A.B. asks: 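Structure below; questions to follow.
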There are 2 protein chains.
Amino acid sequence: MIIKKESKDNLNENPDLAEERNKTTFDPFKLGNFFWQGQLLRRKEILSYVEAQGAELCPRVPEVFMSRMEQMEDVARLSVAMANHAEKVIDVFKPEEQFYFNSLICGFNGSPFHLHLIMAVPAMINSCDDDQATEWLPKLLNRELIATYAQTEMGHGTNLRALETTATYDPSTEQFILNTPTITATKWWPGALGKSVNYAVVIAQLWTNGKCYGPHPFWVQLRDLETHKSLPGITLGDIGPKLGTPSNDNGFLRFENYRIPRRHMLMKHAKVLPSGEYVPPLHAKVGYTSMMYVRSMMIYGHAIYLAQAATIAIRYSCIRRQGEIKPGAGEVKVLDYKTQQYRLLPVLAHVYAIAFTGLYINQLYHTVIGDINAGDVSLLADLHSLGSGLKALTSWQITRGVEQCRLACGGHGYSDASGLPSIYTMVAGSLTYEGENIVMLLQTARSLMKVAAECSCVTDNIEKIKENEGKMKNPITGYIFRKPTGSSLINENSNVLDYLAAFEHNSRRLILSAFEYIQQQKKLGRSAEEAWNEAGIHLCHASKAHTQTFMARIFSETIPKIEDIAVRHVMEDILWLYLTYELVHSSVGLLEEGFLSSHQMSIIRKKLFTCLDRIRPNSVALVDSFDFTDRELRSVLGRKDGQVYENLLEWAKKSPLNEHDVRVLPFHEKYLGSAMREARKKREEMSKL
Amino acid sequence: MIIKKESKDNLNENPDLAEERNKTTFDPFKLGNFFWQGQLLRRKEILSYVEAQGAELCPRVPEVFMSRMEQMEDVARLSVAMANHAEKVIDVFKPEEQFYFNSLICGFNGSPFHLHLIMAVPAMINSCDDDQATEWLPKLLNRELIATYAQTEMGHGTNLRALETTATYDPSTEQFILNTPTITATKWWPGALGKSVNYAVVIAQLWTNGKCYGPHPFWVQLRDLETHKSLPGITLGDIGPKLGTPSNDNGFLRFENYRIPRRHMLMKHAKVLPSGEYVPPLHAKVGYTSMMYVRSMMIYGHAIYLAQAATIAIRYSCIRRQGEIKPGAGEVKVLDYKTQQYRLLPVLAHVYAIAFTGLYINQLYHTVIGDINAGDVSLLADLHSLGSGLKALTSWQITRGVEQCRLACGGHGYSDASGLPSIYTMVAGSLTYEGENIVMLLQTARSLMKVAAECSCVTDNIEKIKENEGKMKNPITGYIFRKPTGSSLINENSNVLDYLAAFEHNSRRLILSAFEYIQQQKKLGRSAEEAWNEAGIHLCHASKAHTQTFMARIFSETIPKIEDIAVRHVMEDILWLYLTYELVHSSVGLLEEGFLSSHQMSIIRKKLFTCLDRIRPNSVALVDSFDFTDRELRSVLGRKDGQVYENLLEWAKKSPLNEHDVRVLPFHEKYLGSAMREARKKREEMSKL
């Protein structure tokens with residue numbers, strides 16, 4: 001029934017896409033509903049509401065046609081309109097509904113409320129004690145205060161301990177005095193800080209009674225609520241244009257003896273008493289839960305961005321024709337080329353692997369927060385370690401994936417008409433923000449080396465062995481304790497387990513050999529820190545492999561949960577593509593060690609190619625099942641109806657440069673036109689002589 | 001002496017950079033002069049001239065602070081000024097001086113003259129017969145006519161045979177009639193076509209006497225020379241914004257029964273006589289020499305862009321401090337991290353490999369053109385094959401390299417203050433323009449498969465063997481005919497030859513196995529074309545390896561030509577880094593086959609790490625030797641004096657968003673400010689009730 005409705009929407013469907021959709025072996029609605037966790041109809045409801053509001057919730061013109069200032073104006077308009085409608089249609093406490101609603105209206109280039117919702121409000125929820133929450137949260141949720149999260153400084157990113165901004169407690173007035181002692185201490189990058197927000201959660205080094213207790217969060221008013229002017233003692237502004245997200249006014253912020261009341265330190269965990277006495281938190285890393293929340297949300301978000309790019313590139317690859325395969329039979333759809341399938345279908349596999357992992361880590365986050373509130377911090381380190389590695393690996397995967405999608409669209413991928421440049425320039429930031437990726441991998445490695453230290457004494461004594469048996473049960477690191485086999489069991493009939501064993505072998509090998517390398521370096525007389533630095537590249541490889549192993553396992557465990565047989569079958573193809581593709585691209589060490597043979601490599605590669613063949617007919621249906629509307633994709637190439645070329649010309653005609661006759665444009669007659677005319681006259685005069 | 005002068009320029013030098021410069025083991029001027037082929041002093045002369053002109057040759061404000069329209073206006077102003085000064089300071093017939101002069105004044109985001117100089121003029125030189133050259137070239141060089149090269153169509157890129165634009169000869173009027181028969185036939189992408197040029201070299205399907213002779217070049221007036229309005233029968237405009245190069249008005253163009261005289265067909269090679277009789281060219285691919293010229297120029301250009309990115313990232317990595325290696329010793333320069341060295345120093349090695357290869361291919365191009373003019377087309381196919389593979393491989397290397405440089409700068413790499421986003425968004429286009437990379441690799445593969453077919457019959461008969469001995473001498477493909485050895489000779493004391501042998505082995509293996517794979521597919525009943533498609537991924541791997549082998553050889557052969565011993569020593573380190581890094585990243589097949597052992601891999605990796613250690617102290621001097629000025633780099637992070645942080649704040653303050661009080665900005669009070677105030681009042685009224 002739903003399939004019929006879709007085709008009614010697509011009366012004007014490009015026959016090349018219709019042909020693809022007719023080949024489908026499963027019901028895209030069912031897969032979509034699985035992907036969106038049963039919320040597909042809910043999404044359609046939200047969409048209908050938004051579409052019914054017409055121009056009020058639409059950008060004035062496509063964002064890319066506007067200057068930065070125009071984009072900021074339009075997104076401010078849309079954000080306020082969005083806020084006014086929100087409660088009428090979405091459950092504002094469900095992040096997935098917020099995210100969808102936001103992306104339908106504001107796109108993903110950032111709205112003034114984005115950081116407010118995704119960072120400032122969660123940080124306040126996690127850091128305010130009860131009285132503070134009662135006082136401030138209603139105003140934040142009401143959006144009369146709009147806040148950002150100000151942690152990063154110009155000279156200090158992921159090394160929080162080195163932050164320079166100070167909050168010094170003055171017991172005589174019961175105030176903290178905020179200061180920016182150097183240029184490098186300037187707060188730098190917080191989203192919407194430049195012009196939009198009036199408050200911020202500021203992370204500063206807490207000093208009291210002459211002692212520094214490290215970075216802590218403070219709730220700081222930045223601007224006058226009436227005039228929106230910055231308050232005395234505060235200097236702030238926009239940090240200027242960036243690779244992407246033009247409508248985000250990432251800002252800078254400096255304090256000069258700026259005073260805030262003692263109770264503006266956020267006191268859920270650590271406290272400073274009126275006397276200046278410091279009361280430490282339950283667990284040192286409890287203060288980092290806001291960062292962990294954002295990272296856990298980011299991973300699923302990554303999958304969605306990559307799914308959008310894949311939708312655009314796969315649809316367009318079934319419309320674009322180039323070159324012949326059978327002479328005389330006409331140009332073929334570019335997705336019929338093996339090279340194009342090899343470029344795009346693994347991207348699709350990554351979407352699912354990242355999405356399923358994102359859902360897992362999200363649940364883990366909520367478990368951990370629940371535990372912390374109940375006084376149990378035992379899972380916190382695991383979450384921190386896993387979240388760091390996943391943030392790094394998935395942001396690389398999506399950045400590379402989006403770029404592959406762009407390139408798969410040939411020249412048109414470079415045009416903003418494809419929508420892909422905006423996705424790329426936005427996701428490219430995720431390699432660095434919320435923790436630079438190499439630092440992230442090294443954080444994961446830190447915990448892996450602790451595990452390796454435990455492993456390496458496996459044979460020491462009976463007690464140790466028993467302890468290790470317990471550790472084997474840990475769902476994240478247990479495999480590291482298992483005894484390695486000499487060679488892989490992979491053959492033509494292997495099931496998923498033989499493949500997972502190969503990932504685990506690779507990861508275990510890299511973890512233990514990085515550990516060994518560090519020991520060797522120490523034996524050469526290097527300090528622990530120097531040895532760690534020397535082993536940096538080994539450690540990154542180990543963390544990547546460990547994270548990859550985790551993702552492969554979560555993906556494998558998710559597929560059997562799909563009830564519909566036809567959907568499960570196609571998803572099994574995707575899983576196998578994922579496993580074979582990832583293994584081929586991580587096989588160096590396994591070959592070097594003799595764990596995989598040349599024959600086994602042939603089997604894996606052959607299986608990979610078979611997967612491409614099997615997935616090819618379902619490709620368009622697979623991306624259709626993500627259920628993105630043209631409104632969200634903002635792409636002429638990715639249009640659901642496939643009417644690409646006519647609309648490409650229409651889109652180009654709207655380019656602001658085409659609005660006026662060329663003689664009216666400021667640059668032409670004044671410079672080029674007159675220069676050409678003068679050159680001609682000069683030559684003509686010369687030739688007369 | 002020169003070193004002293006440099007330090008006088010740098011009175012305000014950041015001590016962290018000074019420390020680096022003091023560690024240098026060679027004279028950067030000598031390396032720079034080698035890199036710029038003896039033209040380093042000449043460059044400094046040109047720079048002095050440009051700097052002496054002051055504001056006339058400077059952008060009004062940094063480009064990234066301007067809207068697209070403002071950028072176009074400013075670059076038009078600069079282009080005309082540049083043209084007026086050109087003959088006073090540079091030799092306009094030397095492309096390297098043109099390129100440098102252009103990059104000093106207009107940056108690299110494109111000027112209206114860029115395509116004119118790099119494509120239209122060379123295309124005219126290569127395609128006009130003598131009379132045509134006499135008539136049009138003076139006007140082109142005089143810039144009273146500004147032209148572009150219009151080949152790509154909306155629906156047709158690298159498959160030239162499928163172009164749809166037609167030029168039909170009408171013998172009754174001795175005219176060609178140009179038509180755009182479909183939407184997909186619309187010319188799309190030519191640079192500066194949208195608003196700036198008034199002429200174009202148009203590639204169209206030539207029809208005469210009822211027969212189509214394939215794509216040929218025509219010289220077409222597009223706009224009225226007085227009014228600059230498009231002529232009747234012509235529709236053109238800007239194609240809209242893109243990932244990068246905002247100041248380039250890439251355009252679209254449609255013809256409707258637009259007539260041009262017969263002699264506007266460019267007739268150096270093929271001709272149409274007044275009767276309509278077609279006279280074919282000497283060699284079918286002679287018409288492609290313009291494309292070959294651009295590709296041969298692109299490769300060296302790629303090296304320069306990558307060198308700029310490397311300069312920025314390496315200087316900044318010696319200023320940025322983060323984390324401690326020795327506890328208590330303070331934060332270290334990030335370039336002291338092994339992970340950072342592994343990220344950046346191989347990029348530097350790629351710069352040289354690409355530059356030296358670019359110079360070689362440039363010379364080869366001029367040789368080939370000379371030969372063609374003398375009636376010899378024997379090297380044309382070699383140039384075409386090599387140029388295609390190099391275009392693909394080097395554009396990937398620089399795109400990945402620039403992105404690594406951006407990421408190595410952490411968050412600030414994402415800011416336009418780093419200059420890296422502009423470089424990235426520009427070079428990212430090179431993966432597609434002038435031939436989509438996968439198609440380029442498959443073109444190289446086409447010629448490699450011909451070689452493989454000759455190889456595979458090596459043992460057939462004595463004559464064949466003799467023939468193959470001759471073929472072994474071909475400097476580009478000769479190695480493929482040599483007999484493979486069973487295992488690599490690489491050991492601790494290996495010289496370059498053992499490494500080159502490994503590259504050759506890898507490439508030969510991939511070429512022959514792709515050939516085998518095609519034969520297998522044919523035996524399974526597939527047509528030649530289907531088998532070719534099935535083997536697409538194998539063919540791409542083979543082409544990449546072949547091109548990589550060529551680059552490694554050219555790089556190796558270049559180093560001994562360096563006369564200065566200290567410079568040669570540091571460049572040997574760079575060469576070894578290149579060879580080991582590339583081999584580690586291409587080792588899968590060599591391991592799988594048993595050509596390389598695990599022990600040999602350890603040797604190669606160890607040598608790679610040793611190179612990082614050896615190059616680290618010379619890093620800043622190496623990038624200094626490229627001799628880029630701050631004017632060219634347009635980067636706060638890459639400043640020669642290293643005064644990064646103060647200038648980052650100054651740069652941000654100039655962001656247009658900071659020019660006005662926030663209340664005056666169009667978006668704030670109108671939307672956000674009033675929404676916040678209303679929300680507050682509503683809550684306050686509610687609480688009164």
Side-chain angles (χ1 to χ4, degrees), chain A residues 64 67 72-73 76-77 80 142-144 157 159 183-184 189 195 228 237-243 252 322-323 325 338-339 342 407 410-411 414-416 421 429 431-432 436 438 529 533 536-537 588 591-592 598 601 645-646 652 655 657-658 662-663 666-667 671-673 675-676 679-680 683, chain B residues 64 67 72-73 76-77 80 112 142-144 157 159 183-184 189 195 228 237-243 252 322-323 325 338-339 342 407 410-411 414-416 421 429 431-432 436 438 529 533 536-537 588 591-592 598 601 645-646 652 655 657-658 662 666-667 671-673 675-676 679-680 683:
Chain A
V64 290
S67 71
M72 291 209 60
E73 179 172 359
R77 173 184 70 79
V80 172
N142 189 32
R143 289 193 182 82
E144 62 182 87
N159 184 17
I183 289 277
T184 48
W189 279 113
K195 301 291 157 183
H228 207 65
D238 172 66
I239 62 162
K242 299 137 295 185
L243 178 56
F252 66 83
Q322 189 170 288
I325 296 180
K338 273 283 157 305
T339 48
Y342 193 71
L407 295 172
Y414 192 71
S415 165
D416 278 329
L431 300 169
T432 318
E436 198 278 326
I438 301 288
E529 291 78 9
N533 181 29
I537 297 147
V588 177
L591 285 162
E592 189 178 335
S598 175
M601 282 300 287
Y645 293 116
E646 304 79 339
S655 165
L657 285 191
N658 295 329
V662 69
R663 287 284 288 258
F667 62 88
Y671 301 112
L672 291 184
M676 288 193 270
R680 192 173 76 240
R683 185 189 44 80
Chain B
V64 290
S67 71
M72 291 209 59
E73 178 171 0
R77 172 184 70 80
V80 172
N142 189 32
R143 288 193 183 81
E144 62 182 87
N159 183 18
I183 290 276
T184 47
W189 280 113
K195 300 291 158 184
H228 206 64
D238 172 64
I239 62 162
K242 300 136 295 184
L243 178 56
F252 65 84
Q322 188 170 289
I325 295 180
K338 272 281 158 307
T339 47
Y342 193 72
L407 294 172
Y414 193 72
S415 165
D416 278 331
L431 299 169
T432 318
E436 197 280 326
I438 300 289
E529 292 77 10
N533 181 29
I537 297 148
V588 176
L591 285 162
E592 189 178 334
S598 174
M601 282 300 287
Y645 292 117
E646 304 80 338
S655 165
L657 285 192
N658 295 328
V662 70
F667 61 88
Y671 301 113
L672 291 184
M676 287 194 269
R680 192 172 77 241
R683 185 188 44 79

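What you see is a predicted model, and the numbers here were worked out from it, not measured in a lab. Keep in mind that the numbers below use all heavy atoms, side chains included, and drop hydrogens, waters and symmetry copies. To find a chain, count down the sequence lines: A is the first, B the second, and so on, and within it residues start at 1.
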A.B. asks: For A:Ser67 versus B:Ser67, what's the shortest heavy-atom pair and its separation?
C.D. replies: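 The pair with the smallest heavy-atom distance is CB-CB, 4.2 Å.
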A.B. asks: Considering only heavy atoms and a distance below 4.5 Å, find which of A:Ile239, A:Val588, A:Ile325, A:Val80 pairs most often with chain B.
C.D. replies: A:Ile325
A.B. asks: When heavy-atom pairs shorter than 4.5 Å are enumerated against chain B, which of A:Asn142, A:Thr339, A:Asp238 gives the highest number?
C.D. replies: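 Sorted descending by pairs with chain B, the first entry is A:Asp238.
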A.B. asks: Any idea which heavy atoms bring B:Asn533 and A:Lys338 closest together, and the distance?
C.D. replies: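 Reported closest heavy-atom pair: OD1-N, 3.0 Å.
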A.B. asks: With side-chain contact (heavy atoms from CB on, under 4.5 Å) as the criterion, how do A:Met676 and B:His228 come out once you've worked through the C-alpha distance, each side chain's angles and the decisive distance to 0.1 Å?
C.D. replies: CA-CA 10 Å; A:Met676 288 193 270; B:His228 206 64; 3.8 Å; yes
A.B. asks: Quick one: what part of A:Ile183 sits under 4.5 Å from any heavy atom of chain B, side chain, backbone, both or neither?
C.D. replies: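 Contact with chain B involves the side chain of A:Ile183 alone.
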A.B. asks: May I ask you to name which of A:Gly673, A:Ala675, A:Gly411, A:Gly536 has the most heavy-atom pairs under 4.5 Å with chain B?
C.D. replies: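 Sorted descending by pairs with chain B, the first entry is A:Gly411.
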A.B. asks: Which region of B:Thr432, side chain (C-beta onward) or backbone (N, CA, C, O), has a non-hydrogen atom less than 4.5 Å from a non-hydrogen atom of chain A, or is it both or neither?
C.D. replies: side chain
A.B. asks: Against chain A, label B:Arg680 side chain, backbone, both or neither, depending on which of its atoms sit under 4.5 Å from a heavy atom there.
C.D. replies: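 Looking at B:Arg680, backbone and side chain both touch chain A.
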A.B. asks: Could you tell me which portion of B:Pro241 (side chain, backbone, both or neither) has an atom closer than 4.5 angstrom to a non-hydrogen atom of chain A?
C.D. replies: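 It is both, since atoms from each part get that close.
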A.B. asks: Passes side-chain contact (heavy atoms from CB on, under 4.5 Å), B:Ile438 versus A:Tyr342? Steps please.
C.D. replies: CA-CA 11 Å; B:Ile438 300 289; A:Tyr342 193 71; over 6 Å; no
A.B. asks: With only heavy atoms counted, which part of B:Val64 is less than 4.5 Å from chain A, the side chain, the backbone, both or neither?
C.D. replies: both
A.B. asks: If you count heavy-atom pairs under 4.5 Å between each of A:Asn159, A:Leu243, A:Leu591 and chain B, which one has the most?
C.D. replies: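 Max contact count across the listed options: A:Leu243.
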A.B. asks: Search all heavy atoms of A:Thr184 against all heavy atoms of B:Tyr645 and return the closest pair with its distance.
C.D. replies: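 For A:Thr184 versus B:Tyr645, the nearest heavy atoms are CG2-CD1, 3.4 Å.
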A.B. asks: With rounding to the nearest 0.5 angstrom, report the CG to CG distance, A:Leu407 to B:Leu431.
C.D. replies: 5.0 Å
A.B. asks: How close do A:Gly157 and B:Gln322 get, heavy atom to heavy atom, and via which atoms?
C.D. replies: N-OE1, 3.9 Å
